[in-house]
Structure formats: structure tokens, C-alpha cells
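Residue numbering restarts at 1 for every chain, and letters A, B, ... go by the order of the sequence lines. Hydrogens, waters and symmetry mates are skipped; everything else that's a heavy atom, side chains included, is used.
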Amino acid sequence: MIEKTETLPMASAAPTMPAIPEVTPMLRYAAIVVTIFVISGVIALTSGGYWLSNFTQAYCFALALSGCALLYGQLGLVSLCQWALVGVGAWISLRFYHYVHPPFFVTILVGGVGASAVGMIWGLPALRMRGLYLALVTLMLAGAFQTVITVTSFPVGGPGILGQVGASGNDRILMARPGFASSDTAYFLYVAFVSTLAFLLVEAHRRAKPGRAWALIRKSEQMAMASGVKVVFYKAWAFALSGFIAGVAGALLAGLFGQLDAGNFAPTDSIVIFIGTLLGGVDVWLGAFLGGVLTRFVPALLIDFNVNAYVGLIFFGAALMLALRDPVGIGGVLTALAERLYAKYMTRRGQ
Amino acid sequence: MIKIETLTVQFGGVRPLDALDGEFKAPICGLIGPNGAGKTTLLNVLSGFVSPAKGSVSLDDIALRNLSPVRRVIAGLRRTFQQELVVDELSARDNIQAIADHISPTRQAAQEEIDRAMEFVGLTPRANVLGRQLNLYERRMIEIGKTLIGKPKAILLDEPGAGLNETETERLRALLVQIPEKFGAQLVLIDHDADLIASVCIETMVLDFGKLLAFGPTRAVLDDPVVRRAYLGTA
């Protein structure tokens with residue numbers, strides 16, 4: 001029989017890699033706030049009109065991407081209905097706004113909660129299927145949404161549940177922005193503020209109990225269950241959070257334009273969001289942020305420079321090839337670089 | 001104590017377990033047999049991933065058959081898998097915290113249990129190291145550390161020594177023998193390392209083609225000519 005020992009020092013012939021100085025959660029949260037603050041500040045000071053509108057849309061896109069990245073990065077689930085969920089959030093917030101005229105922030109929350117509920121229902125197939133099948137089912141849901149919204153359109157303050165007005169459209173009521181953010185610049189900063197909160201919310205989930213549960217599920221569902229994780233519950237949670245963020249993005253978009261058009265919610269946009277998610281990177285918040293800017297702002301830039309659409313396609317094709325070659329995406333590469341520099345700095349400081 | 005009664009598992013025309021009976025009473029029990037004998041299938045039945053066609057399994061007189069895998073964890077059953085499944089993106093501590101999140105009654109209790117498990121498996125200095133930076137031994141220790149959370153009653157270890165060198169296996173042995181006394185849990189150990197089984201397990205069950213070949217004190221079982229012929233390949 002082996003003698004009992006009180007302490008068991010590490011014994012391994014295998015090489016033990018030295019620990020990299022830890023980036024604390026607080027530091028990660030601070031990085032989100034500072035990065036968005038600085039970038040948004042520069043945009044607000046230098047852009048106006050068309051560009052500011054594009055950046056505001058890019059931020060909404062980035063929010064949709066963060067939900068998509070959450071599902072793919074944390075659980076390996078491909079959701080191709082993210083932009084449709086943005087549309088659902090926009091519809092609910094517009095409908096709520098025209099009924100109740102609540103403060104703008106409440107409208108955003110209602111849009112988020114509504115889309116979250118729909119996202120959970122749309123996520124039901126994910127409990128049984130994965131990969132290509134799930135991607136196809138969610139893409140069909142995006143198509144179904146477009147069909148429905150083309151017929152019903154978005155509420156514009158009319159009577160009834162659909163909130164439509166007469167054929168002339170003269171009675172349309174636009175959704176008002178918050179009083180203190182009525183100008184384009186102020187509204188852009190407002191969107192930046194809400195985006196920061198949403199990114200912090202997702203990051204807080206990643207670093208806490210749900211994030212750990214999702215990590216186990218992604219590694220192995222059986223192992224997750226053997227660790228006491230209720231797999232169905234946590235998958236539904238991920239879909240709910242992803243839907244909430246998409247709904248918030250929809251409400252912010254509705255606030256940007258005051259009204260929305262069914263043509264803005266094509267299923268192909270959900271595919272673009274997924275591509276943007278891969279380009280930006282799924283494991284870090286910066287991936288969603290950069291992916292959103294890339295997929296919304298760069299096309300606007302190409303149009304402004306009169307670049308042929310085919311050149312744009314080549315640009316995105318090349319970027320996608322790059323993302324497939326290095327799955328951490330642009331955000332992942334930049335974050336790894338920042339972490340390496342931080343580790344170097346901390347090591348030097350320690351010495 | 002784990003009790004198995006006339007347990008039969010049927011996959012189409014194949015019977016990985018055939019009317020198996022047995023009762024693991026000793027603090028550390030071994031489960032051995034050639035490849036395809038049904039060892040992992042038995043662990044899968046115990047942990048709720050495979051439904052038996054017939055028979056029953058119980059843990060400390062709690063019938064497990066109608067409990068979901070998660071409920072079995074709450075009932076005190078823990079397990080590891082043949083393939084090590086440490087999450088690369090989580091730190092050593094977070095890998096263990098991931099189970100404490102769901103079964104420890106309070107946050108403070110969870111922290112205390114994690115500290116105790118980390119110290120027991122010798123990973124306290126490596127607590128903040130990411131899973132992908134840990135070597136195989138450390139990863140195996142994480143998996144054992146996870147099973148020690150939440151007052152386990154029985155721990156099923158599926159080849160915990162796979163891939164470890166001699167020194168590491170020696171450390172593993174020293175660790176395993178302490179678990180029943182320090183954590184109050186019964187161990188059921190599957191391994192192909194007969195030396196590990198012989199030195200750690202008090203009683204051992206031998207399976208062959210889903211049937212019980214032998215069950216009793218480990219030394220006597222390993223010396224049994226029938227077992228040696230079927231499993232160890234010598235008469």
C-alpha cells in the first residue's frame with residue numbers, strides 16, 4: 001500500500017508552461033469602456049451627417065454580431081437569423097413606443113426583452129440540432145420574418161396591432177429620440193453608451209457562471225451534464241441573451257431613423273452578420289465590435305469612393321479567407337497582442 | 001455504495017452488458033476487462049448517459065434509473081471520461097469552479113471546496129493558468145479535482161492514468177488512496193494498468209463481453225487463472 005502524503009507537489013516529466021500574468025475581469029471591463037469611449041469620441045468629433053449615420057448603424061450591427069459571436073464562440077451554434085431578431089426588436093420597440101410613449105431607455109429594454117423571448121423560441125431547434133441543420137433552420141426563420149414583415153411592415157403609429165396608417169402615409173408618426181440625444185452626434189454617443197453596456201453585459205456573462213457552463217457545453221455536452229450543468233437551460237439562456245442584445249440593436253436602429261422599412265431586413269444580412277462575426281473573431285468582444293464596423297462601415301466607404309461592387313466582394317472574400325485561416329479573427333489577433341504586451345509589461349514591472 | 005442488479009444494455013443486436021449483478025462495497029473498487037468488455041458502458045449507465053434495457057442501478061439505496069445525469073450529480077455521483085476534457089479557455093480554478101457553480105450550496109462553500117480540491121491535487125500555484133497551458137498530468141488533476149466538489153458519494157474514474165508516465169502514475173496512486181478518507185467518497189476505477197489497480201483497489205470486478213467474469217478481493221481476482229487468460233493474456 002502506498003504511504004499517505006499530506007502534500008502532493010507537482011510531479012511531471014511533461015514541460016510545465018509558466019503562468020502568463022492574469023488579465024483581471026476589471027481590467028477587461030475597463031478596456032471595453034476605454035476603447036469604445038476613445039473610438040466613439042474620435043468619430044463624434046470628426047464625423048457628421050452620412051458618416052455619423054453609418055457609424056451609428058455599424059454600432060447596431062456590432063451589437064447583433066456580439067449575439068452571434070456569443071452563440072458561435074461559446075456554444076459552437078451557427079445562428080443565421082440574427083438580423084431578423086434585430087428586426088423583431090425594432091418592431092416590438094416601435095409598437096410599444098406608439099402605444100405607451102415611454103422614456104426611450106424603457107423602449108430599448110422592451111425591444112430587448114421581446115426579441116429575447118422570440119430568440120429563445122427560435123433557439124428551440126438548437127436543443128436538438130447543430131451545424132449545418134441549425135444554420136439552415138435559422139436561415140429559414142430569417143426568411144420567414146422577412147416574408148411576414150414585408151406583408152405587415154413596421155408600426156408607424158396607426159391603429160390596431162400592426163399600427164399602420166392610410167395609403168398616403170401622411171399620418172406616420174416617427175419614433176422620437178431621447179430629448180438630450182436628438183442631434184445626430186448626441187444620438188451616436190447615446191448608441192455608443194448603450195453598446196458599451198451591452199458589451200459589458202455579454203463580457204460579464206462570459207466571465208461568470210453562465211460563461212463557464214457554456215464553455216463546458218461547448219467542450220462536451222456529456223461532460224457538462226456530468227458537471228451538473230443543465231444544458232437545455234444554459235443553451236436557452238444564451239439564445240435569450242443573444243436575442244436581447246439583437247432587440248436592443250433593433251430599438252436603437254428604430255430610434256436612428258424614426259421608422260423602419262421591411263426591405264432593410266433581408267435574410268442575406270443575417271449571413272453577412274455571421275461572416276462579420278468570423279472576420280472579427282468570436283472569442284473576444286473586440287471581434288464583434290470590429291466585425292460590425294467592417295461589415296457596415298467599409299461597404300459605405302467603398303460606395304463613397306465609387307469602388308466597383310465586385311472589388312468589394314473580393315475584399316470581403318479575401319478577409320473571409322484570412323478569418324478561416326486564423327479562426328481567432330481580427331479582434332482575437334489584436335486582443336492577443338494587447339495581452340502579450342500587458343504580460344511583458346507586468347513581468348518587467350515584477351522584475 | 002453502488003449496487004447493480006441484472007443490468008442489461010442492448011444496442012441493436014449487440015449486448016454490451018448482459019444481466020450484470022454486483023455491489024461495489026469497498027472504498028476503492030476496480031473495474032477491468034479487455035477492450036469492448038462493457039466497462040465504459042457500465043459507467044455510462046451509472047451516470048445516466050445510456051438507458052439500460054433491463055435491470056437497475058442504485059447509489060446508497062437511491063434508485064438512479066429515473067434520474068437525469070444532472071440529478072445523479074446532485075445525488076452525489078461524479079465521473080471523469082476516458083478522454084480528458086479540460087476546457088482550454090478556462091483557468092485551472094475556473095475549470096473546477098464550473099462544477100461548484102451548480103452543486104455547491106453557497107458561494108462561500110464553493111470557494112472553500114475549490115480551495116480544498118485545488119490544494120489536494122497540488123494545483124494551487126497553477127490556479128490562474130489557462131487549461132491550454134497545463135500539461136497532461138495537470139489536466140488529469142483538474143479532472144480529479146472537479147470530482148471532489150460538493151461532497152461526492154461515489155466517483156467513477158475512467159482511465160485516469162492514461163498517458164501518464166511512471167512518476168506521474170505514482171503520484172496519482174498516492175492521491176487516489178486518500179480520496180475515500182479525506183472526501184468520504186467511494187472510488188470506482190477503470191484502468192488498463194494492472195499495477196495501478198492492484199496497488200489501489202481493494203476489490204475488483206472483471207467484465208468480459210458484457211458479462212461478469214470475476215468479482216472479489218483484487219489480489220485474488222488478478223491471480224485467478226480465468227481472469228489472467230481472458231484479460232492479462234497469460235495462464
Side-chain angles (χ1 to χ4, degrees), chain A residues 1-25 73-76 205-234 282-284 327-328 332 335-336 339 343 346, chain B residues 44 47-49 68-70 72-74 77-81 83 85-91 94-95 97-103 119-123 125-130 132-138 141 146 149-150 164-168 170-171 173-178 181 199-200:
Chain A
M1 203 68 177
I2 288 162
E3 215 171 285
K4 288 176 187 173
T5 51
E6 272 309 308
T7 50
L8 294 161
M10 293 304 302
S12 174
T16 300
M17 288 174 72
I20 294 171
E22 191 195 5
V23 181
T24 61
Q74 300 289 296
L75 289 164
H205 272 78
R206 274 189 178 147
R207 306 274 152 211
K209 183 176 170 179
R212 288 189 286 270
W214 293 330
L216 295 195
I217 294 170
R218 186 175 182 185
K219 186 76 183 180
S220 156
E221 285 193 14
Q222 278 200 348
M223 182 269 282
M225 282 188 265
S227 303
V229 175
K230 291 172 182 152
V231 172
V232 172
F233 174 78
Y234 279 97
V282 294
D283 295 323
V284 291
V328 295
T335 305
E339 284 179 359
M346 290 303 282
Chain B
N44 284 338
S47 43
F49 298 128
S68 68
V70 171
R72 292 177 199 220
V73 175
I74 293 164
L77 196 71
R78 306 280 182 275
R79 75 165 288 182
T80 66
F81 293 81
Q83 184 196 358
L85 292 168
V86 169
V87 180
D88 289 343
E89 299 80 21
L90 295 182
S91 68
D94 277 352
N95 265 285
Q97 168 109 42
I99 181 168
D101 283 340
H102 304 279
I103 54 176
E119 197 184 337
F120 181 72
V121 296
L123 282 180
R126 308 278 287 164
N128 294 323
V129 178
L130 289 179
R132 64 167 166 264
Q133 296 174 289
L134 300 172
N135 63 39
L136 179 65
Y137 176 79
E138 292 169 326
M141 290 303 107
K146 282 174 72 176
I149 299 295
L164 301 185
N165 64 31
E166 263 180 53
T167 321
E168 291 165 342
E170 197 65 31
R171 291 282 157 192
R173 280 180 210 182
L175 201 79
L176 294 179
V177 294
Q178 294 181 63
E181 191 191 313
S199 61
V200 168

Within the 6.0 Å centroid threshold, strictly below: A:Phe233 and B:His102: no
Crowding at NZ, A:Lys230 (>12 non-hydrogen neighbours, <6.0 Å): no
Distance (rounded to the nearest 0.5 Å) between A:Leu216 CG and B:Leu90 CG: 6.5 Å
Atom pair CD/OG of B:Gln83 and A:Ser220 - distance to nearest 0.5 Å: 8.0 Å
I need the residue from [options] with the largest number of non-hydrogen atom pairs under 4.5 Å to chain A.
options	value
B:Ile74, B:Leu85, B:Leu164, B:Leu77	B:Leu85
B:Asp101, B:Leu130, B:Val73	B:Asp101
B:Gln97, B:Arg79, B:Lys146	B:Gln97
B:Asn95, B:Val86, B:Ile99	B:Ile99

Which of A:Lys219, A:Lys209, A:Met225, A:Gln222 touches chain B most, by non-hydrogen pairs under 4.5 Å: A:Gln222
Any side-chain heavy-atom pair of A:Met223 and B:Thr80 under 4.5 Å: no
Contact class of B:Val70 relative to chain A, heavy atoms under 4.5 angstrom: both
Residue pair A:Arg212 / B:Asp94: nearest heavy atoms and the distance that separates them: CD-O, 3.6 Å
